Novice: 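Have a look at this one before I ask anything.
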Amino acid sequence: MWKTALKPRWIAGFVFAIAVSGVFVLLSQWQFGRSTQPEVPTNPATEQVQPLTETLQPGEFFHGTDADQMVSAQGSYDPSKQLLVPGRLHDGKTGYWVVSAFAVNGAPALTGAAASPQTWIPVARGWVAEPGDAPAPPSGTLELTGRLLPSEAPVPGTAPKPGEATAVSVAELINYWEVSSYPGFVAATAEVANGADFSAAAVPGDLLALDIGPQPPAQQINWLNLFYSLEWVVFAGFALFIWWRLVKDDYHRDLEERLEDSDEDNQHPEHNQQEVQP
């Protein structure tokens, strides 16, 4: 079998089959790359600042289309309503998010026995390495700008330390602060009062800006392209199979020819004897 495969024509055929298989593999990789594509491209509209009071309503469900939207709101912080969320990374270091309650001017007031007269929203103002590094929020009326994000889930089975929360969870924070709140939070990028920006991005200090960008779009699988990628792999293997089958057929033909020659010699032994007599 190997003797047949080493014939020049079958060596050339093998090289050709390898080349064809390589092309099929490249086509498979191309189809596989097309099988996973972003479900929706990043929406540039999220980077256009919109009023918070027109984007999200307190007491309603947080819609996925509202996530990552840059929003602005006027209001003020309450220094007594500030917590730290541990276990947050910044440039590879573990520290704390500083989260403060922001009273939103012009926000609809919720009704109910536990509702507060003012509607608030948690604001992640920045990151600190140690709890003692967290500064008090700016005082007075501010123009807040930041990225609107959905509420996080509280960490179950974890008892936070005093002055801390397990996550930026609205359900957890409103129990600490005893206020009515929007169903999300804002990662602050600017805190402007009287024309001056007091945010972590503008004021040097221990409080570092979070710099949270829009989340990457979800991925979806294109099953047709995935099927095509598998199909090209099958074609690549089939090209090598065809070469092997042709070599095998040639080998069997050589065996049949040798067997026929042997049968003819056995049917005419006197001819062979005459050839060998002197």
Side-chain angles (χ1 to χ4, degrees), residues 39 52 55-69 71 73 75 77-104 107 109-137 144 146-189 199-200 206-220:
E39 181 178 348
L52 172 62
T55 304
L56 186 65
Q57 296 300 316
E60 293 185 359
F61 179 75
F62 191 102
H63 301 284
T65 54
D66 296 330
D68 289 339
Q69 178 65 52
V71 295
Y77 288 111
D78 185 344
S80 65
K81 294 179 173 59
Q82 179 166 284
L83 293 169
L84 300 178
V85 179
R88 301 300 166 122
L89 294 176
H90 190 283
D91 291 337
K93 299 179 180 179
T94 303
Y96 303 80
W97 276 10
V98 180
V99 181
S100 303
F102 186 82
V104 181
L110 296 179
T111 59
S116 60
Q118 181 72 45
T119 301
W120 305 69
I121 190 168
V123 177
R125 298 179 46 241
W127 178 93
V128 292
E130 299 295 337
D133 297 336
L144 172 69
R147 193 173 299 279
L148 183 61
L149 299 170
S151 173
E152 298 178 348
V155 179
T158 302
K161 298 179 181 179
E164 295 183 5
T166 62
V168 191
S169 167
V170 172
E172 184 175 354
L173 295 176
I174 60 176
N175 288 329
Y176 293 140
W177 295 334
E178 297 181 347
V179 296
S180 303
S181 175
Y182 278 86
F185 71 98
V186 173
T189 57
S199 67
D206 295 325
L207 184 66
L208 304 180
L210 299 181
D211 191 22
I212 298 177
Q215 298 301 304
Q219 299 285 324
Q220 66 176 0

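These numbers were taken from a predicted model, which means no experiment stands behind them. Excluded from the calculations below are hydrogen atoms, water molecules and symmetry mates; all remaining heavy atoms, backbone and side chain alike, are included.
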Novice: How close do W127 and K93 get, counting heavy atoms only, and between which atoms?
Specialist: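 Closest heavy-atom pair between W127 and K93: CZ2-O, 3.6 Å.
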Novice: What heavy-atom pair brings A153 and A167 nearest, and what distance separates the two atoms?
Specialist: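 In this case the closest contact between A153 and A167 is O-CB, 3.5 Å.
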Novice: To the nearest 0.5 angstrom, please state how far the CG atom of L173 sits from the OG1 atom of T166.
Specialist: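 One gets 8.5 Å once the value is rounded to the nearest 0.5 Å.
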Novice: Enter the distance from R125:CZ to L210:CG here, rounded to the nearest 0.5 Å.
Specialist: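 So the gap between those two atoms works out to 10.5 Å.
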Novice: Which atom pair, heavy atoms only, marks the closest approach of R88 to V168?
Specialist: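 Scanning both residues completely, I find the closest heavy atoms to be NH2-N, 4.1 Å.
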Novice: Does E172 reach the side chain of P160, with side-chain heavy atoms less than 4.5 Å apart?
Specialist: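 A side-chain contact exists here, since the closest heavy-atom pair is under 4.5 Å.
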Novice: Identify the two heavy atoms, one from L56 and one from G184, that lie closest to each other, and give their separation to 0.1 Å.
Specialist: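 So the two residues come closest at CD2-N, 4.5 Å.
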Novice: How far does CD of Q69 sit from CG of L52, to the nearest 0.5 angstrom?
Specialist: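 Going from CD on Q69 over to CG on L52, the span is 10.5 Å.
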Novice: Could you walk me through whether V104 and T119 pass the side chain to side chain contact (heavy atoms under 4.5 Å, CB included) test, one step at a time?
Specialist: CA-CA 6 Å; V104 181; T119 301; 5.7 Å; no
Novice: Which heavy atom of A165 sits nearest to which heavy atom of L83, and what is that distance?
Specialist: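 In this case the closest contact between A165 and L83 is CB-CD1, 4.2 Å.
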Novice: Is there a side-chain contact between I121 and L148, using heavy atoms and a 4.5 Å cut-off?
Specialist: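 Yes - at least one pair of side-chain heavy atoms lies under 4.5 Å apart.
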Novice: For residues P137 and F102, determine if any side-chain heavy atom of one lies less than 4.5 Å from a side-chain heavy atom of the other.
Specialist: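 The answer is no; the side chains never approach within 4.5 Å.
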Novice: Can you tell me how far CZ of F185 sits from CZ of R147, rounded to the nearest 0.5 angstrom?
Specialist: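 Spacing of CZ (R147) from CZ (F185) equals 11.5 Å.
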Novice: A quick test of your reading: do over 12 heavy atoms of other residues, nucleotides or ligands sit less than 6.0 Å from CG of D211?
Specialist: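 12 or below, so no.
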Novice: If you define the side chain from C-beta out and look only at heavy atoms, does anything of L144 sit under 4.5 Å from Y77?
Specialist: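 Yes, close enough: below the 4.5 Å cut-off.
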Novice: Mind checking the CH2-CG spacing from W97 to L84? Nearest 0.5 Å is all I need.
Specialist: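 Taking CH2 in W97 and CG in L84, the distance rounds to 13.0 Å.
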Novice: Would a distance-only check, ignoring hydrogens and angles, find a side-chain to backbone donor-acceptor pair under 3.5 Å from Q82 to P135?
Specialist: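 Looks like yes, one N/O pair under 3.5 Å.
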Novice: F62 vs V170, test: side chain to side chain contact (heavy atoms under 4.5 Å, CB included). Steps then yes/no.
Specialist: CA-CA 11 Å; F62 191 102; V170 172; over 6 Å; no
Novice: Please answer whether the main-chain N or O of S116 pairs with a side-chain N or O of S180 as donor and acceptor at a distance below 3.5 Å.
Specialist: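 Yes; at least one donor-acceptor contact below 3.5 Å.
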Novice: Roughly how far apart are Y182 OH and Q57 CD, rounded to 0.5 Å?
Specialist: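 So the gap between those two atoms works out to 6.0 Å.
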Novice: If you compare all heavy atoms of A187 against all heavy atoms of I212, which two are closest, and at what distance to 0.1 Å?
Specialist: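 The answer is CB-CD1, 3.8 Å.
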Novice: Got a donor-acceptor contact below 3.5 angstrom from the H90 side chain to the A209 backbone?
Specialist: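 Answer holds: yes.
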